[in-house]
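The first residue of the sequence shown is numbered 1, and numbering continues consecutively from there. Keep in mind that the numbers below use all heavy atoms, side chains included, and drop hydrogens, waters and symmetry copies.
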Amino acid sequence: MSEIEIIKAFADIKDLRRRAGQRHNRRLCLALFTLAIAAGNKGFLAIGDWISS
């Protein structure tokens with residue numbers, strides 16, 4: 001699955017956030033979280049560190 005395909009995989013999920021809470025692209029965030037977990041990261045701090053690197 002290419003990086004574009006993983007982002008497309010989340011296209012059909014409805015964004016329930018308020019307009020004020022939409023600073024980051026939902027599909028990209030979900031793709032990054034999924035990849036971080038698949039890389040073995042558990043917990044918010046580990047996921048954040050993985051995304052930052």
Side-chain angles (χ1 to χ4, degrees):
M1 186 179 278
S2 73
E3 60 189 29
I4 301 299
E5 292 297 320
I6 194 161
I7 293 172
K8 288 180 184 177
F10 295 107
D12 293 334
I13 298 174
K14 187 176 177 181
D15 193 347
L16 300 175
R17 299 176 295 174
R18 297 176 314 181
R19 185 96 167 127
Q22 295 183 12
R23 184 167 59 171
H24 300 290
N25 182 291
R26 173 193 45 84
R27 291 185 299 167
L28 179 59
C29 288
L30 291 172
L32 288 172
F33 299 153
T34 301
L35 292 171
I37 291 168
N41 297 285
K42 295 179 181 158
F44 292 115
L45 294 178
I47 292 170
D49 288 343
W50 185 86
I51 290 172
S52 293
S53 66

Side-chain donor-acceptor pairs of residues 32-52 under 3.5 Å, sequence neighbours excluded:
from  : atom 1 : to    : atom 2 : distance (Å)
Thr34 : OG1    : Leu30 : O      : 2.8
Asn41 : ND2    : Ala36 : O      : 2.9
Ser52 : OG     : Gly48 : O      : 3.0

Next item on the list: Would you kindly confirm whether Leu16 and Phe10 end up in one hydrophobic cluster when ILVMFWY residues are joined by side chain heavy atoms under 4.5 Å apart?
Entry: no
Notebook entry, point to check: If you look at every heavy atom in Arg27 and Ala11, which pair is closest and at what distance?
Noted result: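 What the structure gives for the nearest pair is CD-CA, 3.5 Å.
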Notebook entry, point to check: Can you list every pair that meets salt bridge (charged side-chain N to carboxylate O under 4.0 Å, His left out) and has a residue in residues 17-26, with sequence neighbours left out?
Noted result: Asp15-Arg17, Asp15-Arg26
